[in-house]
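All remarks here apply to the structure that follows.
Both backbone and side-chain heavy atoms feed into the values below; hydrogens, waters and symmetry mates do not. By convention here, the first residue in the shown sequence is residue 1. Remember, predicted model here, so these are calculated numbers, not experimental data.
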Amino acid sequence: MSRKKRSEQSSHDASSPWEAPLCVWIFVVGAVAYALWYFSIPMPWPAPQPGETAFLPTRGTLVQTGLLLLPESIGLWFGGGQMPLGLLDRLGVILIAAIMLLFSYALGEFLLVRLKLLHFFGRVDGIVLRLAIGLTLLSWSTAVLGMCGLLHRPLSIVLSLAILFVALGSAWKKQLFAPLSDVKPEETTPKHSEGESWWWQLAAAPLCLFIAGVSILPPYEYDVLEYHLLVPKEWHQIGQIRVLPNNIYSGMPMGAEMWALLPMVFLTGKQAWLTGALVGKLIIGLFTLMTAGLLYGAGKRLIGVWGGRAAALSAIAVPWLTYQSGTGLVDGVWAFFTLAAAYPFLIILNGQQKEDHRDGLAILSGLMAGMAFSVKYPALLIVVLPVFALWIFAVRTQWRLLLMYTVAVAVIISPWLIRNTIDTGNPVFPLAGNVFPTDVRPEDQIEQWNQAHQVPTHANGSRYSLSQLLSGILTPLGQSPWAGLAVVPLAICGLFYPNRKLVIPLVILLAACWIVWWGFSHRLERFLIPAIPLGCLLAGFGAQKIASYVAGRIALRVWLGLGLIVAFMLVNQTQSIKLDPRVFVSLDALAKSHTSGAVTYLNENVAPGDAVLATGDAALFYLQPPGFYHTCFNDSTMQQMVDMTKEERLAHLAEANIAWIYVHWGEIDRFRSPGNYGFPDDVTRDLFAQMESQGVLERADYQLGNPENPTVIIYRVLSVSGP
């Protein structure tokens with residue numbers, strides 16, 4: 001919408017004295033009712049222990065407690081005075097990440113020149129999109145070079161990236177001194193907003209700094225330790241990106257994890273993998289701030305200044321996004337690319353482009369959708385296909401634009417699909433195993449995967465009952481505390497925004513995300529995270545409508561401020577969100593605190609050249625000696641020895657230099673529990689007792705739990721480390 005049209009709309013709204021109070025009062029009453037409901041819901045964690053009285057505090061109680069205990073919460077940032085502090089130890093990680101981001105920014109600017117979009121975007125969304133484009137190219141290049149087996153040849157990677165830099169930058173230098181005749185002039189800010197730009201930045205600053213602080217901390221979340229950062233570490237060790245026989249998740253596309261793998265290639269030392277992982281985790285974590293930046297730029301361009309502010313603040317106030325930043329999970333990354341893929345066609349629907357910009361916007365949208373796909377498989381159904389359908393709606397039969405979008409998606413995702421086809425016979429491994437007869441897994445493993453990831457059943461055995469539907473609807477509307485307080489009421493107001501060309505596509509994308517999550521997945525709440533930026537943009541629409549009136553702007557300030565306070569309290573309550581807030585503690589001390597006792601014991605006692613065989617525990621990111629392990633969906637490393645004789649077992653272990661065996665029966669029992677993933681039946685305590693009686697193994701001086709049936713046991717292999 002042009003500036004003139006927005007001005008006319010604002011004048012029309014201001015001239016309706018009865019509409020202003022009604023619009024604002026509906027929002028205020030609805031927001032208060034929503035807040036009362038939101039604060040009254042009990043927190044789902046921690047669960048009471050057996051024999052304890054069930055007491056689950058409400059969110060309101062938790063926020064009140066957080067306000068009262070704020071000094072104690074802040075004290076946790078410093079480790080409660082019981083851990084060594086460190087800030088200078090972060091400088092190396094920050095410097096490497098800064099170099100990668102600057103290089104990515106340059107690549108993004110070069111490509112925008114090629115797409116004829118260099119001066120098309122505003123200041124904030126332009127910076128964010130440059131970073132996103134460059135990081136996409138960096139991820140793609142690392143993946144391709146890694147699949148070619150060049151991870152142990154850093155010079156070849158430097159040369160390849162230099163060629164990419166020069167090839168894309170050749171057109172940019174012509175623009176360096178060119179007249180900026182096509183620069184879009186800055187739109188004047190409405191009078192009622194003059195001099196107010198500082199307040200929302202100041203309000204968001206504490207959470208933004210906290211997000212940046214937790215993003216750099218060593219990882220501790222199970223999925224991150226099991227594959228998001230463990231698999232890049234193993235690829236770095238073997239020098240090639242391929243599907244690992246011991247970790248089924250290595251068959252997933254890992255576009256976001258490439259930002260951890262790339263610095264590992266160039267760093268030296270025994271723990272280069274850890275520094276590289278921290279660099280990648282920091283970049284992954286910063287995507288929450290990039291999402292807020294893109295929401296501000298997109299909201300300001302599409303609907304107005306207040307819409308951009310509210311959309312950005314709403315995102316910062318979503319605890320789920322902060323949790324993603326702190327843990328290193330990648331759902332927040334493909335949430336960003338979901339929004340980035342939708343933004344270009346929203347611009348076209350809003351009529352804010354020239355004819356020569358349409359090609360570039362289609363390619364940009366395809367690149368962003370392809371990157372979302374290369375981060376998580378579900379993006380095919382949530383992003384790639386719905387965005388393609390909306391492009392058809394936006395451009396009708398302009399096949400050139402549709403082809404450009406499709407080719408851009410294919411270019412970004414194709415390395416992962418080709419790698420999987422070569423390694424496993426299934427391009428979307430480990431999904432669709434029954435569809436591709438060339439899949440390398442036996443039928444029982446394919447069935448095990450399918451059962452573990454199917455839609456969960458209700459107590460009565462139904463997967464699609466009315467109660468499940470109601471719960472599925474309420475989860476993104478606030479039943480989940482991590483959705484935050486601020487978004488939902490404003491997003492509901494956004495449904496009534498007059499520009500239906502913008503509202504309807506967002507609703508379609510949100511519906512697609514929810515349908516895929518509820519109808520086809522195992523309904524983990526964090527798989528709804530890609531819908532959050534879309535919901536925040538819709539909330540910006542509602543905010544822009546309310547901000548037409550003085551009373552509405554006051555209500556918005558109060559509501560967004562409350563949302564930020566609630567989010568700040570929740571993310572600093574370790575008993576609620578399980579987020580490590582120790583942002584000023586030494587990185588080395590934090591890494592040690594996140595390393596299990598068994599892994600610490602192995603790191604200290606395994607001799608150079610010896611290896612560890614682990615079963616049960618697959619979250620072995622911090623294990624330093626060479627290790628053999630398996631996830632519960634792969635062949636067990638112990639199964640091979642079930643039917644062996646003593647001599648065969650000794651020879652098998654000696655051949656791989658395995659001097660220690662680490663067994664985590666607690667994890668094995670968890671996998672075998674009803675409704676869980678399952679674990680091979682022939683890995684039993686009797687098997688290890690037999691190997692002890694044969695003289696193959698002896699217990700080390702580390703075990704946990706009941707001495708009769710320990711939860712964790714570490715064995716020495718006598719043929720290698722024994723007398």
Side-chain angles (χ1 to χ4, degrees), residues 79 83-100 142 146 151-154 157 214-222 224-241 244 247 250 254 256-285 326-328 580 582-612 614 617-629 657 659-660 662:
M83 301 186 73
L85 303 182
L87 282 179
L88 295 179
D89 59 352
R90 290 148 168 79
L91 291 181
V93 175
I94 294 172
L95 178 61
I96 297 170
I99 293 172
M100 290 177 61
T142 304
L151 295 181
H152 285 168
R153 293 178 171 81
I157 295 179
V214 296
S215 296
I216 203 173
L217 302 184
Y220 56 91
E221 203 276 339
Y222 184 85
V224 177
L225 299 180
E226 185 191 28
Y227 65 96
H228 284 303
L229 291 179
L230 176 60
V231 168
K233 172 189 172 183
E234 292 186 273
W235 284 338
H236 164 61
Q237 290 172 338
I238 66 174
Q240 185 177 14
I241 294 176
L244 303 172
N247 195 321
S250 62
M254 290 194 169
E257 290 83 353
M258 294 300 96
W259 304 316
L261 179 60
L262 182 61
M264 292 181 189
V265 173
F266 295 102
L267 294 171
T268 59
K270 293 179 62 176
Q271 298 208 29
W273 52 271
L274 179 57
T275 304
L278 293 180
V279 172
K281 183 175 176 291
L282 174 58
I283 292 175
I284 289 170
T327 57
D580 187 351
R582 296 175 292 180
V583 293
F584 295 111
V585 174
S586 159
L587 294 181
D588 182 61
L590 286 173
K592 290 179 180 177
S593 72
H594 294 318
T595 305
S596 69
V599 171
T600 299
Y601 179 89
L602 292 168
N603 289 342
E604 293 173 350
N605 289 277
V606 177
D610 288 344
V612 176
D617 187 3
L620 298 175
F621 173 75
Y622 289 110
L623 182 66
Q624 296 175 20
F628 299 88
Y629 72 99
N657 293 324
W660 302 79
Y662 159 40

Do [X] and [Y] make a side-chain contact, defined as non-hydrogen atoms from C-beta onward lying under 4.5 Å apart?
X: Leu230; Y: Leu225; value: no
X: Trp259; Y: Val279; value: no
X: Phe266; Y: Ile157; value: yes
X: Pro219; Y: Leu278; value: yes
X: Val612; Y: Phe628; value: no
X: Asp580; Y: Val214; value: no

Donor-acceptor pair, [X] side chain versus [Y] backbone, under 3.5 Å?
X: Thr275; Y: Ala272; result: no
X: Asp588; Y: Asp89; result: no
X: Lys281; Y: Ser215; result: yes
X: Asn603; Y: Gln624; result: yes

task = Tell me yes or no: between the side chains of Glu234 and Tyr629, is some donor less than 3.5 Å from an acceptor?
result =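 Judged by distance alone, the side chains do pair up.
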Atom pair [atom1] ([X]) and [atom2] ([Y]), whose distance is rounded to the nearest 0.5 Å:
X: Arg90; Y: Leu95; atom1: CZ; atom2: CG; result: 15.5 Å
X: Trp235; Y: Leu151; atom1: CH2; atom2: CG; result: 9.5 Å
X: Met100; Y: Ile96; atom1: CE; atom2: CD1; result: 9.0 Å
X: Leu229; Y: Met264; atom1: CG; atom2: CE; result: 6.5 Å
X: Lys233; Y: Phe621; atom1: NZ; atom2: CZ; result: 6.5 Å
X: Ile241; Y: His236; atom1: CD1; atom2: NE2; result: 12.5 Å

query = Passes side-chain contact (heavy atoms from CB on, under 4.5 Å), Leu602 versus Asn605? Steps please.
reply = CA-CA 5 Å; Leu602 292 168; Asn605 289 277; over 6 Å; no
Nearest heavy-atom neighbours spanning [X] and [Y]:
X: Ser593; Y: Leu590; result: OG-O, 2.7 Å
X: Val224; Y: Thr327; result: CG2-O, 3.3 Å
X: Ile216; Y: Leu587; result: O-CD2, 3.8 Å
X: Trp273; Y: Tyr622; result: CH2-CA, 4.1 Å
X: Ser250; Y: Val231; result: CB-CG1, 3.8 Å
X: Val599; Y: Thr595; result: CG1-CG2, 3.6 Å

task = Evaluate the criterion side-chain hydrogen bond (donor to acceptor under 3.5 Å, both in side chains) for residue pair Asp617 and Tyr662; output intermediate values, then yes/no.
result = CA-CA 8 Å; Asp617 187 3; Tyr662 159 40; 2.7 Å; yes
query = Near Leu91 CG, under 6.0 Å, is it more than 12 heavy atoms from other residues, nucleotides or ligands?
reply = yes
